[in-house]
Number of protein chains: 4
Amino acid sequence: MEEANRTMDDLFVNGELTEKQRKIIIAAIETFSEKGFAATSTSEIAKKAGVAEGTIFKHFKTKKDLLISIITPIVSKMLAPFVIKDLYKVLDHQYEHYEDFLRAMIENRIAFVKNNTSLIKILIQEIPFHPELKELFVENIGKKTFERFCHLAEYYQKKGQIITIPPAAVVRHTISVILGYVAARYLIFPDKEWNDEQDIELTMQMLMRGLSAD
Amino acid sequence: MEEANRTMDDLFVNGELTEKQRKIIIAAIETFSEKGFAATSTSEIAKKAGVAEGTIFKHFKTKKDLLISIITPIVSKMLAPFVIKDLYKVLDHQYEHYEDFLRAMIENRIAFVKNNTSLIKILIQEIPFHPELKELFVENIGKKTFERFCHLAEYYQKKGQIITIPPAAVVRHTISVILGYVAARYLIFPDKEWNDEQDIELTMQMLMRGLSAD
Amino acid sequence: MEEANRTMDDLFVNGELTEKQRKIIIAAIETFSEKGFAATSTSEIAKKAGVAEGTIFKHFKTKKDLLISIITPIVSKMLAPFVIKDLYKVLDHQYEHYEDFLRAMIENRIAFVKNNTSLIKILIQEIPFHPELKELFVENIGKKTFERFCHLAEYYQKKGQIITIPPAAVVRHTISVILGYVAARYLIFPDKEWNDEQDIELTMQMLMRGLSAD
Amino acid sequence: MEEANRTMDDLFVNGELTEKQRKIIIAAIETFSEKGFAATSTSEIAKKAGVAEGTIFKHFKTKKDLLISIITPIVSKMLAPFVIKDLYKVLDHQYEHYEDFLRAMIENRIAFVKNNTSLIKILIQEIPFHPELKELFVENIGKKTFERFCHLAEYYQKKGQIITIPPAAVVRHTISVILGYVAARYLIFPDKEWNDEQDIELTMQMLMRGLSAD
DNA sequence: CATGAATGAGGCTTCATTCAT
DNA sequence: CATGAATGAAGCCTCATTCAT
């Protein structure tokens, strides 16, 4: 596990996981994200984790169970609560402008993606093939987060800062732009040379111009 | 095969494929996109194609060969030339405004995604795990297409229509917004109720405001 | 087919074999002797022979049939009759001494092995696994040839040239020595450097000393 | 496994082989020697060994691995050291005459062949098709053993007991005669009626007469 | 708790053989 | 006569999972 995935430890260390369980999960994350869930064998995970094959099944009834044990925390404990907390904070702090909020947001998201590359890759790869995961994701991110975000958008619309079109459209556009940048930067072409500060700045400009009232 | 994948037939029918080969490819596309490459068994494909398992291997040396035979055409024959031709057309027709170009573009892309949902899903899912595919993709789309797109952006910048920031940023932003919309609409939440015309209109507005000079 | 297997052509050309049949047989001999019967696929033979897979089965009902069609001639048409004719010649010509007979014999056998390396390899490899072949061989070589050889030995024993022990023992010993040399020279270590003339001379000496009366 | 292969147990029992591994090896030896390596299926071996097919591959990475695990011990642990030890013994004990040495030798070899018929059959059958095996064999037997044997021959030549021709020729001849007898007796016609004592005696006589000085 | 030998179902692939053209 | 597409049985091997130690 490289530097990049620092949060992972936070996710899986503090819990009531034993040392072996942690090793298994770490190994599984690494391998799943490299080769995909279906192409990863439990024996490979066992070897990489330094445990016996049987040990995996003592802790995770099934290979799929292991996948779910990996994905659930990101979705339900990390993404959702994270965002939600932030959103509350946002509403409390009352960022004066949508732009301020977005800047906080984008920083936040970038940090998250940076620290969880492997996990996010797994999430993206496996969601389409596992209905439970999809539901988990849609319910948490798709519904709760999206809804709150919409309220926020409305709030800034009422303040006259951003155009008054259906807030859902604002939100989707905002997410498109941010995720588009983050995905290109960290998932698709992580090895290209990037000028992070400038790129973010430009992206913010284009996004804000597109949304600002007037 | 549902309605949605109409272009597929264009891709795999006209060629010098025999009936059986076509059936195999169709079945493979369907299954790969539903369950993923690694989780699909050749026996399953054979059954769905109404063919003996051995027949698959008479036509495709390897299971992976089958995957490549499916993906190569979308990447090299469809996406790239498609876009490139369009870009030429664009330069010939001399769309007066970047917006006109974008509207043509977006329509074009939407049609393409609509008709090739399965293939695109496979492409997205499998690229991370197959270096050859990744290279194929990067070389064709990432390089050629992106470059031409940049030239276009510059052209409209010189005409004073869009902000003068590095054209690459303009292009990335444009792609983000378009792909973000298309992905959400056709790949991630195809079953949500959408108001296509309005959504596209709004997206275009936000995009154009973000990019227009002044 | 290299120089070494010249007789093969004699064996399979003159017969009523069509061109295709000959090509198939030549290809089969080459491959069988290189990789063994069981490890050779009919498709490989077809490719090497430049014919369609089906063509093989038009001419040889079965893969095994092809093997038998290859081996039978060496055993029944070549080895046996060859030897037998020679033996008659021997008895006619009335080689004065057993040694003269042996020298003729050894030359004869060496030429035979040299020209039929591939075929003999196949013969040796496959006989143990195919009872019909074994019987074919035992009947023709083991019985007929051996018997005649014994009569000859007796003949020279009566002439007082070789020791009077059971002729079968004389024959077996003679064959051991000759085959031992030939096998080492042409089958087992064909690539070692050999001093043919001297080696044969010495072998003959040791053999003759061992057998000569007194 | 019949009586005949008693030594096999010595070869494969004492090692650190588990019971299952032993069963697999025994079954493999039996089947390989009966039908040949290529014509033997792993499922057949499993069935005969009373083991699941997968178990074979837990212990031997590959079918070929199984073959090598069978052959290596005969070549490297049995033949070579056996002979070599004997040769030392020979030189220590200082057999007075080459004949004494040969008698010891022939007895020794016969016992070996008797107890390892199956293994030797496999060895002979498979060496031509597996370069690694060939090298293994040539290196151990062909080189080391042959060389030592030559020194011995020289030794008896100097003692004036056997003819002074190149020792290599003496050795090859000796081996021809002994192997010729042993092969005929135990491998080719094991079912013929043999008069062992007399046959050996006669063979020895012919061999010795052929080699003795004067 | 942990191990790893054992399992047998199933995966990919090859093969001898058939048959319509 | 020849072809080669098609077959399905069988081959080698991998895998998730179990269980006795």
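Everything quoted here is computed from the prediction, not taken from an experiment. Naming: A, B, ... by sequence-line order, numbering from 1 per chain.
Checked options B:V75, B:I71, B:I74; the residue passing with B:F137 is B:V75 (criterion: side chain to side chain contact (heavy atoms under 4.5 Å, CB included)).
Nucleotides of DNA chain F nearest to B:T55 and C:A52 differ in position, and the one nearer the 5' end is that of C:A52.
Atom CD1 of A:I29 is separated from atom CD1 of A:I70 by 5.0 Å, given to the nearest 0.5 angstrom. With rounding to the nearest 0.5 Å, the separation of CD1 in D:I68 from OG1 in D:T62 is 9.0 Å.
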Legend entry - Check against side chain to side chain contact (heavy atoms under 4.5 Å, CB included), B:E126 and B:F32: CA-CA 9 Å; B:E126 300 307 329; B:F32 286 165; over 6 Å; no
Inset, instruction - Test D:I122 against D:F37 for side chain to side chain contact (heavy atoms under 4.5 Å, CB included), laying out the working first. - result: CA-CA 8 Å; D:I122 298 175; D:F37 173 76; over 6 Å; no
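Here E:dG11 presents its P atom at 9 Å from NZ of B:K35, a figure rounded to the nearest Å. In this structure, CD of D:E19 is placed 14 Å from C1' of E:dA6, rounded to the nearest angstrom. Counting to the nearest Å, the P atom of E:dG4 and the CD1 atom of A:I56 are 12 Å from each other. The nearest whole Å value for the distance from the CZ atom in B:R22 to the P atom in F:dA5 is 18 Å. Put simply, CG on D:L66 is 12 Å from C1' on F:dC12, counting in whole angstrom units. The distance between atom CG of D:L67 and atom P of F:dG11, rounded to the nearest whole Å, is 18 Å. For C:Q21 and F:dT3, the CD to P distance is 13 Å, given to the nearest whole Å. Between D:E44 atom CD and F:dG11 atom C1' the separation is 12 Å, expressed in whole Å.
Across all strands shown, E:dC12 forms a Watson-Crick or G-U wobble pair with F:dG11, both key distances being under 3.5 Å. Pairing for E:dA20 is with F:dT3, a Watson-Crick or G-U wobble pair whose two hydrogen-bonding atom distances lie under 3.5 Å.
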Inset, instruction - Take nucleotides 13-21 of chain F nucleotide by nucleotide from the 5' end and write B, S or -, depending on whether a protein heavy atom sits under 4.0 Å from the base, only from the sugar-phosphate, or from neither. - result: BBSBBB---
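Remark: B:E132 engages B:K64 in a salt bridge, criterion side-chain N to carboxylate O under 4.0 Å. Checked for salt-bridge contact, C:K47 and C:E44 miss the test: no charged N lies under 4.0 Å from a carboxylate O.
Between F:dC1 and C:H59, no contact under 4.0 Å exists linking OP1 or OP2 to a side-chain N or O.
Spacing between F:dT21 and E:dC1 at atom C1', rounded to whole Å, works out to 13 Å.
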